[in-house]
Amino acid sequence: MRVLVTGGSGYIGSHTLVTLLQERHDVFTVDNFSNSSPETFNRVMRLSNQTFDFEEADVNDADAMSSIFSAFEPEAVIHFAGLKAVGESEEKPLLYYQENLNGTMNLLAQMDKINCRNIVFSSSATVYGIPEFLPYTEDHPLNPINVYGRTKLWSEQIISDWAATDPSKSAMLLRYFNPVGAHDSGQIGEDPSGIPNNLMPFISQVAIGRRPYLNVFGDDFDTKDGTGVRDYIHISDLASGHVKALDYISQHKGVEAVNLGTGEGVSVLEMVHAFETASGQKIDYKIMPRRKGDLAANWADSRKAETLLNWKATKTIHDMCADTWRWQSQNPNGYEPQS
Ligand code: NAD
Ligand code: UFG
């Protein structure tokens with residue numbers, strides 16, 4: 001299938017590109033490199049042994065997107081491009097609404113112009129908000145507690161309204177839980193700029209010696225060991241979920257929201273110990289006060305993905321830690337040239 005991938009140079013996009021290319025999809029990708037490096041594409045091409053076309057462009061740029069859509073004529077779009085930092089979204093709400101909502105609307109308008117009717121959208125478990133029950137099923141109430149989460153919820157709504165205009169349209173709203181890990185080659189992985197906000201990149205930077213210790217945000221939650229519990233999903237499993245979603249929307253019409261998680265909750269301290277075992281490195285940590293806005297625990301009900309997409313996560317916590325460590329130790333400065 002001819003697939004336009006937005007944000008293909010990012011963490012999830014790059015791993016999905018490898019899987020799409022291995023499955024022989026014809027890919028064109030667009031990225032403005034605001035949070036990634038063009039070096040990613042060299043590595044994706046080497047890993048998949050395939051080439052693809054890309055353009056440096058902003059999904060908000062209607063003229064640039066219009067030319068790309070008319071030239072490539074995609075049959076489907078996978079839309080990763082967007083801003084994703086929860087804290088920053090609270091400080092700059094208008095920027096987040098501008099980037100994430102306008103970007104999505106512009107894409108849908110371009111799709112209409114060339115009669116492209118299929119879209120897979122990067123949503124997030126954050127759309128559920130404070131759990132009324134766990135695991136979250138797809139019909140759990142949607143009450144995001146931050147601006148970033150609202151951009152995801154409202155994008156889901158915009159896409160659903162777009163799809164409702166024509167019964168031949170199809171959309172898959174993928175609600176990711178906590179993506180971690182790296183390609184098992186160690187060639188591509190997560191490369192956050194500045195101080196990582198998320199647990200796994202922080203742990204791996206402690207392991208490589210870039211940070212002295214991990215701050216564990218709270219040990220007094222009502223969880224198995226008092227630390228926060230999340231559903232971590234290996235990035236390669238997440239990537240294969242996108243290819244399954246693409247297969248599904250090419251054969252079914254309408255809109256579906258689907259959780260992509262493992263269905264299992266892992267605590268911060270369990271992750272620290274698993275990383276120590278996988279890497280052979282000691283991870284020093286300090287218990288700190290809770291981080292504002294953090295939930296005690298959440299994890300996915302992953303049965304819908306299994307029934308609808310015939311997809312199930314296969315990688316273990318050990319795989320997630322071992323692959324993160326391989327990427328981090330082979331690329332201590334991420335995609336930056338090694339000094
Ligand atoms: P990322 O920042 O690594 O990738 C996003 C990519 O989009 C980057 O390469 C960036 O340069 C590009 N981009 C951003 N704005 C753009 C624009 N206006 N035009 C063109 N390109 C643009 O993030 P990721 O972790 O790969 O996330 C991908 C998607 O998945 C995002 O929409 C994110 O909100 C969503 N998501 C991520 C997580 C997570 O924990 N990583 C969880 C749930 C949902
Ligand atoms: N944590 C620490 N120390 C750190 C970082 C995190 O103890 O330095 C803890 C957090 O308190 C939490 C757990 O590790 O208990 C996971 O935190 P992350 O920041 O890695 O992930 P979140 O669950 O907070 O958020 C992630 C994404 C969001 C997305 C959400 C739901 O960052 O974008 O999952 O999908 F919205």
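Read the numbers this way: they start at 1 and go in the same order the structure lists the ligands and their atoms.
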Show me which atoms of ligand 2 lie under 4.0 Å from any heavy atom of [X].
| X | answer |
| --- | --- |
| Tyr176 | 35 (O) |
| Val216 | 7 (O) |
| Arg291 | 5 (C), 6 (C), 10 (C), 17 (O), 18 (P), 19 (O), 24 (O) |
| Asn197 | 5 (C), 19 (O) |
| Ser124 | 29 (C), 31 (C), 35 (O), 36 (F) |
| Ala125 | 35 (O) |

Among Leu199, Asn215, Leu295, Val127, closest by heavy atom to atom 3 (N) of ligand 2 is Asn215

If you measure from atom 9 (C) of ligand 2 to every heavy atom of Val268, Leu260, Val229, which option wins on shortest distance? Val268

Among Asp323, Asp184, Asp319, exactly one meets side-chain hydrogen bond (donor to acceptor under 3.5 Å, both in side chains) together with His234. Which residue is that? Asp323

Have a look at Thr262 and tell me which of Thr316, Asp237, Asp231, Asn178 forms a side-chain hydrogen bond (donor to acceptor under 3.5 Å, both in side chains) with it. Asp231

What protein heavy atom sits nearest [atom], and how far off is it?
| atom | value |
| --- | --- |
| atom 12 (C) of ligand 2 | Arg230 NH2, 3.7 Å |
| atom 15 (O) of ligand 2 | Gly228 CA, 3.5 Å |
| atom 11 (O) of ligand 2 | Asp294 OD2, 2.5 Å |

Residues forming a side chain to side chain donor-acceptor pair (under 3.5 Å) with Arg211, sequence neighbours excluded: Gln205

Should the pair Arg230 and Phe177 be classed as cation-pi, given the thresholds of under 6.0 Å to the six-membered ring centre and 45° from the axis? no

Check: Glu88/Tyr96 side-chain N/O donor and acceptor closer than 3.5 Å: yes

Please tell me whether Arg43 and Asn331 have a donor and an acceptor in their side chains that are separated by less than 3.5 angstrom. yes

Any Lys253 side-chain heavy atom under 4.5 Å of Lys169 side chain: no

In the structure I gave you, are the side-chain heavy atoms of Ile78 and Phe121 within less than 4.5 Å of one another anywhere? no

Side chain, backbone, both or neither: the part of [X] lying under 4.0 Å from ligand 2 by heavy atom:
| X | result |
| --- | --- |
| Asn178 | side chain |
| Thr227 | neither |
| Tyr285 | neither |
| Thr126 | both |

Consider ligand 2: state whether an atom of it lies below 4.0 angstrom from any non-hydrogen atom of Tyr128. no

May I ask whether Tyr148 has any heavy atom positioned less than 4.0 angstrom from an atom of ligand 2? yes

Please step through side-chain contact (heavy atoms from CB on, under 4.5 Å) for the pair Asn259 and Ser302, ending with a clear verdict. CA-CA 6 Å; Asn259 289 338; Ser302 53; 5.6 Å; no

Protein N/O near ligand 1 N/O, under 3.5 Å, which pairs?
from	atom 1	to	atom 2	distance (Å)
ligand 1	2 (O)	Asn35	ND2	2.7
ligand 1	3 (O)	Tyr11	N	2.9
ligand 1	9 (O)	Gly10	N	3.2
ligand 1	9 (O)	Asp31	OD1	3.2
ligand 1	9 (O)	Asp31	OD2	2.6
ligand 1	9 (O)	Ser36	OG	2.7
ligand 1	11 (O)	Asp31	OD1	2.7
ligand 1	11 (O)	Ser34	N	3.1
ligand 1	11 (O)	Ser34	OG	3.4
ligand 1	11 (O)	Asn35	N	2.9
ligand 1	11 (O)	Ser36	OG	3.4
ligand 1	13 (N)	Asn32	OD1	3.3
ligand 1	18 (N)	Asp58	OD1	3.0
ligand 1	18 (N)	Glu99	OE1	3.1
ligand 1	19 (N)	Val59	N	3.0
ligand 1	21 (N)	Asn32	N	3.1
ligand 1	21 (N)	Asn32	OD1	3.2
ligand 1	23 (O)	Lys84	NZ	3.4
ligand 1	25 (O)	Lys84	NZ	2.8
ligand 1	26 (O)	Tyr11	N	3.2
ligand 1	26 (O)	Ile12	N	2.8
ligand 1	32 (O)	Phe80	O	2.8
ligand 1	32 (O)	Lys152	NZ	2.9
ligand 1	34 (O)	Tyr148	OH	2.7
ligand 1	34 (O)	Lys152	NZ	3.1

